[in-house]
Amino acid sequence: MASHKIVLLSGDGIGPEITRVTKEILQVITEKHKLSVAFVEKPFGGKAIELSDTPLPEETLQACKNSDAILLAAIGDPKYDDFPREKRPETGLLKLRSELELFSNIRPVKIREALIDSSSLKKEIVNNVDLIVVRELTGGIYFGQPKGRIISEEGGERAFNTMTYSSDEIDRISKIAFELARERRQKVCSIDKANVLDVSQLWRERVNKISDQYKNIALSHQYVDNAAMQLIREPRQFDVILTSNLFGDIISDEAAMLTGSIGMLPSASLGLHNPGLFEPVHGSAPDIAGKDLANPIAMILSAAMMLRIALKETDAAKNIENAIDKALEKGFRTIDLKSDSSQKLCGCREMGQRIIAEI
Ligand code: IPM
Ligand code: MN
């Protein structure tokens with residue numbers, strides 16, 4: 001039995017508590033499915049800044065490169081807001097994504113039946129929503145050069161970033177979206193701002209070009225402002241959403257709310273040559289950290305994605321997802337999900353136990 005090596009990055013804020021719960025669930029599931037898994041925990045984000053003055057220590061990066069998969073909770077804390085950019089937790093995450101060339105970020109948005117009343121939108125609107133955001137993750141305005149701050153000639157300060165994409169970068173992420181659509185409902189909607197931005201114009205041209213190779217997939221384009229509106233107006237129109245780094249960041253938080261809480265959304269960041277990184281879409285929520293209030297489900301669903309995609313353990317992944325549904329059907333809710341008084345409020349730890357009971 002081959003042993004899978006998983007690097008756990010528990011990070012900051014609610015990170016350690018949701019990691020504890022997720023690890024416990026993984027231990028139960030690996031025992032049940034007779035998998036051999038070794039966990040390696042490494043410092044990352046704010047925690048790593050405290051320990052070694054950098055958010056992504058070399059040792060953590062090497063461990064990630066030598067693993068079968070990386071499972072990350074969340075990073076970030078307001079106490080680093082005034083630190084120089086290279087000493088901020090977010091910079092560590094961007095560096096990890098870019099060092100591992102994880103250019104494709106897959107964010108599935110699926111409404112779980114039991115949570116239909118938790119969404120801030122009407123039931124009729126969110127019912128049966130099942131879409132995937134494919135976000136380009138190692139290019140665009142997050143990484144574009146030049147960027148920085150200068151003293152402008154008029155005396156004040158000026159700051160700037162560059163939104164840039166090469167045709168190769170657009171082509172490879174487009175292919176990921178079309179391939180995914182092939183296994184689903186054969187629809188790709190590409191989101192850009194081609195009415196204003198040159199970079200979006202190239203984006204649109206390349207996506208159209210790639211679509212020639214996928215004759216059975218229906219391609220549409222939306223401007224990002226319209227897409228933000230369409231996601232709330234009629235989310236069921238979307239199957240696979242293909243978009244750039246910044247637009248994908250924004251659109252996926254918005255899409256998360258369809259499911260009732262951002263605490264429900266997992267993600268996978270994948271490349272071609274390195275292990276994948278699996279992480280919840282939400283942040284480190286420092287305001288509720290250490291209070292046993294966090295919803296661990298997004299991280300647990302990320303662990304399920306990891307089992308399915310990186311370890312090819314489909315049954316184990318399904319087992320986790322079903323257990324989550326059952327716990328929710330029995331009415332257990334963390335505070336972010338509670339929508340009426342008949343539901344049973346539980347903390348992070350108890351939610352983990354309720355899910356384990358269903359495995
Ligand atoms: C995300 C996060 C990150 C991003 C931050 C923490 C750097 O918001 O994964 O969506 O902007 O990509
Ligand atoms: Mn984000």
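Order of appearance sets the numbers: ligands from 1, and atoms from 1 within every ligand.
With 3.5 Å as the limit, one finds a donor-acceptor pair spanning the side chains of Gln237 and Gln230. Side-chain contact of Lys47 with Ser10: a donor-acceptor pair under 3.5 Å is present, judged by distance alone. Side chain to side chain, Gln186 and Tyr214 fail the donor-acceptor criterion of an N or O pair below 3.5 Å.
Looking only at heavy atoms of the protein, atom 1 (C) of ligand 1 is closest to Arg107 NH2, 3.4 Å. Closest protein heavy atom to atom 9 (O) of ligand 1: Arg97 NH2, 2.7 Å. Of all protein heavy atoms, the one closest to atom 11 (O) of ligand 1 is Tyr142 OH, 2.6 Å. Residue, atom and distance of the protein heavy atom nearest to atom 8 (O) of ligand 1 are Asp249 OD1, 3.3 Å.
Checking each of Thr19, Thr22, Val7 against Leu71 for a side-chain contact (heavy atoms from CB on, under 4.5 Å) leaves exactly one that passes, namely Thr22.
Taking CD1 of Ile191 as the reference point, atom CD1 of Ile241 lies at 4.5 Å (rounded to 0.5 Å).
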Donor-acceptor pairs under 3.5 Å, side chain of residues 138-146 to any protein atom, not counting sequence neighbours: which ones?
{"residue": "Thr138", "atom": "OG1", "partner": "Glu136", "partner atom": "OE2", "Å": "3.4"}
{"residue": "Tyr142", "atom": "OH", "partner": "Arg135", "partner atom": "NH2", "Å": "3.2"}
{"residue": "Tyr142", "atom": "OH", "partner": "Asp249", "partner atom": "OD2", "Å": "3.1"}

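The Mn ion (ligand 2) has no N, O or S atom of Asp253 closer than 2.8 Å.
With respect to the Mn ion (ligand 2), Asp249 has OD1 as its nearest N, O or S atom.
Every atom of ligand 1 with a heavy atom of Arg135 under 4.0 Å away is listed here by number and element: 1 (C), 4 (C), 9 (O), 10 (O), 11 (O), 12 (O).
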